[in-house]
Number of protein chains: 2
Amino acid sequence: MKRPTIADVARRAGVSKGAVSYALNGQPGVSEATRQRILAIAAEIGYSPSSAARALSGATANAVGLALCRPARTLGIEPFFMELISGIEAALSARSYALTLQVVADQEAEIAVYRRWWAERRVDGVFVCDLRTHDPRVPALETLQLPAVVIGGPGHTGNLASVWSDDAAALVETVEYLGALGHRRIARVGGLPSLLHTEIRTDAFDQVCRRLGLDGAVTVWSDYTGEEGARATRRLLSSATRPTAIIYDNDVMAIAGLSVAQEMGLSVPGDLSLVAWDDSPLCQLVHPPLTALGRDIPAYGAHAARQLLAVIAGDPVTGLQDETAHLTPRGSTAPPRER
Amino acid sequence: MKRPTIADVARRAGVSKGAVSYALNGQPGVSEATRQRILAIAAEIGYSPSSAARALSGATANAVGLALCRPARTLGIEPFFMELISGIEAALSARSYALTLQVVADQEAEIAVYRRWWAERRVDGVFVCDLRTHDPRVPALETLQLPAVVIGGPGHTGNLASVWSDDAAALVETVEYLGALGHRRIARVGGLPSLLHTEIRTDAFDQVCRRLGLDGAVTVWSDYTGEEGARATRRLLSSATRPTAIIYDNDVMAIAGLSVAQEMGLSVPGDLSLVAWDDSPLCQLVHPPLTALGRDIPAYGAHAARQLLAVIAGDPVTGLQDETAHLTPRGSTAPPRER
DNA sequence: CTGAAAGCGCTTACAG
DNA sequence: CTGAAAGCGCTTACAG
């Protein structure tokens with residue numbers, strides 16, 4: 001089947017190719033009647049402008065890129081990324097933008113991908129996930145002048161636009177809630193310590209525990225996998241002064257932790273309260289269902305997409321604070337049982 | 001920062017643009033010494049050919065498309081798709097192909113996306129997931145002559161290439177195993193009944209149960225969500241002749257089923273054995289860990305990607321049978337307890 | 001082995 | 001409001 005071109009539409013409509021271009025792009029230069037006729041003919045013969053030709057004539061690529069730097073196993077098991085991508089995608093396709101995805105091994109490879117995308121003019125902009133302090137991707141993107149939106153923060157984003165959520169506030173709310181239930185020894189199983197949001201949560205955790213005088217507070221780090229979450233939990237629960245409550249940096253680790261507690265003969269929430277960060281449907285599938293910190297991740301992705309399109313359009317864009325995660329108490333938290 | 005073009009490389013190397021093109025694409029027409037010099041200069045100034053210009057001059061778009069027709073919530077929670085995408089991506093990026101992703105609402109919208117991608121010359125080929133019998137996407141793609149690989153089957157793929165796994169065999173193995181343990185009343189919580197692989201599994205289930213004389217065999221359908229999996233399980237376990245074993249069409253439903261069994265006071269595996277299809281890490285996070293049917297999903301995606309690249313290259317490609325899922329027995333299956 | 005040139009299908013000033 | 005033309009950055013026959 002031969003693909004229709006702008007010339008086919010022009011011939012049928014009895015106008016020049018330029019007129020067709022103006023009509024399709026909503027530019028002035030054609031009468032409304034002509035525009036309608038041209039649009040009808042384009043629809044009739046199934047014409048869509050070649051993205052290559054369009055991109056080559058200086059217009060945009062109509063595509064944005066997302067490079068993910070996580071191994072396949074954590075990508076697969078964490079609902080977060082797929083939900084984020086769904087949200088990004090929904091906002092992009094509403095504006096007929098395509099999403100180009102690439103999985104990379106490390107930050108260096110990620111920067112190389114940005115450079116290639118830029119040189120190939122393949123994308124008009126990119127999303128940056130898993131921000132770190134002193135993140136080399138930020139200056140690299142600034143140098144390339146490739147439009148970008150950081151999904152994360154606040155701070156450490158240089159001149160790049162960003163979308164972020166107040167993790168510190170969510171963590172403080174959680175600790176205060178556990179404190180109000182009567183917990184004095186609260187532990188936290190954090191995510192990768194190199195990620196900015198892990199650092200933000202850790203700092204907030206230390207501060208609020210100090211403020212509430214909870215000196216049994218301890219953070220151990222993990223990598224978001226169930227295996228590591230289980231190992232960290234086993235270590236915490238084997239200590240002489242074991243915690244009565246644990247906060248996990250994702251839901252997969254929390255579910256693994258629940259399993260470990262049951263295997264060690266502890267009752268949840270009687271002997272141990274558990275809180276998961278990221279309230280995916282998984283949290284309600286286990287027994288007892290997990291108290292969790294949740295927010296609308298697809299919406300977060302959609303906001304990031306709209307920010308990126310604004311940056312590409314040249315609008316002045318800075319940081320956008322998204323909804324703060326809220327705590328949904330379920331069966332995994334209760335006052336600590338006296339020992 | 002200005003993007004380097006082929007002219008910049010040609011000027012520096014003191015050759016024509018044509019020569020640079022030949023050198024970069026590994027075509028004859030330049031001496032090996034010149035080729036090396038040109039490649040070195042390209043690398044030095046960070047040159048990558050504009051994908052738009054390349055696509056416009058009749059070469060390929062160097063991108064393939066994947067349209068996913070699932071709501072955000074099941075996409076997020078099912079590790080399957082993200083693992084598949086990881087595998088596809090790894091095989092594609094090894095050949096510097098980009099993956100374009102789009103989430104669509106239904107099959108009609110999906111066909112419209114294919115048509116648009118084709119008209120825009122945005123992709124060189126596409127992957128087709130969630131195959132149905134009499135799937136309208138198959139003739140649509142045949143008409144467009146857009147290279148495609150169906151991820152699923154066997155059968156019902158028209159002239160399109162495909163990658164598939166023998167679900168019938170895996171299901172038979174599972175039922176025979178449960179039968180050998182002594183189970184006589186086996187139920188199955190299936191996925192969406194409209195999907196081909198659900199049909200294949202259902203037929204295989206009916207046949208093997210008949211062959212083994214298990215007349216309590218029953219299949220109920222679901223939509224892969226935990227909620228529906230829980231509801232289906234509750235219904236099955238409330239029946240007077242409740243099953244002693246249940247096979248689930250994905251792991252999320254199996255985990256929900258485990259939770260329901262526990263909530264109803266049944267012990268797993270004492271009163272009820274459970275088997276999950278799709279052996280993601282989730283299966284080992286619950287208590288007891290789930291017996292599951294698993295296979296290497298990233299590899300499945302990688303095979304599909306290599307098939308698609310072969311179709312695009314014009315190689316003769318037909319159906320490729322991938323590994324059959326194998327059963328990993330864990331704590332959720334045992335002989336039924338006498339009642 | 002190399003160079004000059006046409007052409008891919010658009011967009012966008014520039015004349016009319 | 002419309003048409004003719006240049007130009008985006010490649011690839012690929014076609015001469016030399």
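Reminder, nothing fancy here: chain letters follow the sequence lines and each chain counts from 1.
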_Run the side-chain contact (heavy atoms from CB on, under 4.5 Å) test against Ala43(A) and tell me which residues pass, sequence neighbours left out._
none
*Among pairs that include at least one residue of residues 35-56 of chain B, which meet salt bridge (Lys or Arg N to Asp or Glu O under 4.0 Å), considering only residues two or more places apart or in two chains?*
Arg12(B)-Glu44(B), Glu32(B)-Arg35(B)
Donor-acceptor pairs under 3.5 Å, side chain of residues 119-130 of chain B to any protein atom, not counting sequence neighbours: which ones?
| residue | atom | partner | partner atom | Å |
| --- | --- | --- | --- | --- |
| Glu120(B) | OE1 | Arg122(B) | NE | 2.8 |
| Glu120(B) | OE2 | Arg116(B) | NH1 | 3.4 |
| Arg121(B) | NH1 | Ala119(B) | O | 3.0 |
| Arg122(B) | NH2 | Asn62(A) | O | 3.3 |
| Asp124(B) | OD1 | Ala61(B) | N | 2.7 |
| Asp124(B) | OD2 | Ala61(B) | N | 3.1 |
| Asp124(B) | OD2 | Asn62(B) | N | 2.8 |
| Asp124(B) | OD2 | Tyr97(B) | OH | 3.0 |
| Asp130(B) | OD1 | Arg70(B) | NH2 | 3.0 |
| Asp130(B) | OD2 | Arg70(B) | NE | 2.8 |
| Asp130(B) | OD2 | Arg70(B) | NH2 | 3.3 |

*Involving DNA chain D, stems made of at least three consecutive Watson-Crick or G-U pairs, both distances under 3.5 Å*: C:1-3 with D:14-16, C:5-12 with D:5-12, C:14-16 with D:1-3
*According to the salt bridge (Lys or Arg N to Asp or Glu O under 4.0 Å) rule, which pairs have a member within residues 79-100 of chain B, sequence neighbours left out?*
none
*Could you list where the contact with chain B starts and ends along DNA chain D, reading 5' to 3', using a 4.0 Å heavy-atom cut-off?*
dG9(D) to dA13(D)
*Are Thr100(A) and Val64(A) side-chain neighbours, meaning at least one heavy-atom pair lies under 4.5 Å?*
no
*asked:* Short of 4.0 Å, heavy atom to strand atom, which residues of residues 12-23 of chain A count as contacting DNA chain D?
replied: Val15(A), Ser16(A)
*Just grab all the salt bridge (Lys or Arg N to Asp or Glu O under 4.0 Å) pairs involving residues 296-316 of chain B, residues at least two apart or on different chains.*
none
*Sequence neighbours left out, what passes side-chain contact (heavy atoms from CB on, under 4.5 Å) with Tyr22(A)? Give chain and number order.*
Gln27(A), Val30(A)
*In chain order, what residues pass the side chain to side chain donor-acceptor pair (under 3.5 Å) check against Thr60(A), with sequence neighbours excluded?*
none
*If you find the nucleotide of DNA chain C closest to Ala119(B) and the one closest to Val30(B), which residue's nucleotide is nearer the 5' end?*
Val30(B)
*Tell me, please, which residues at least two apart from His303(A) pass side chain to side chain donor-acceptor pair (under 3.5 Å).*
Asp322(A)
_Sequence-distant partners of Ser165(A), side chain to side chain donor-acceptor pair (under 3.5 Å), two or more places apart_ = none
*Starting from the 5' end of DNA chain C, give me the residue, Ser48(A) or Glu32(B), whose nearest nucleotide shows up first.*
Glu32(B)
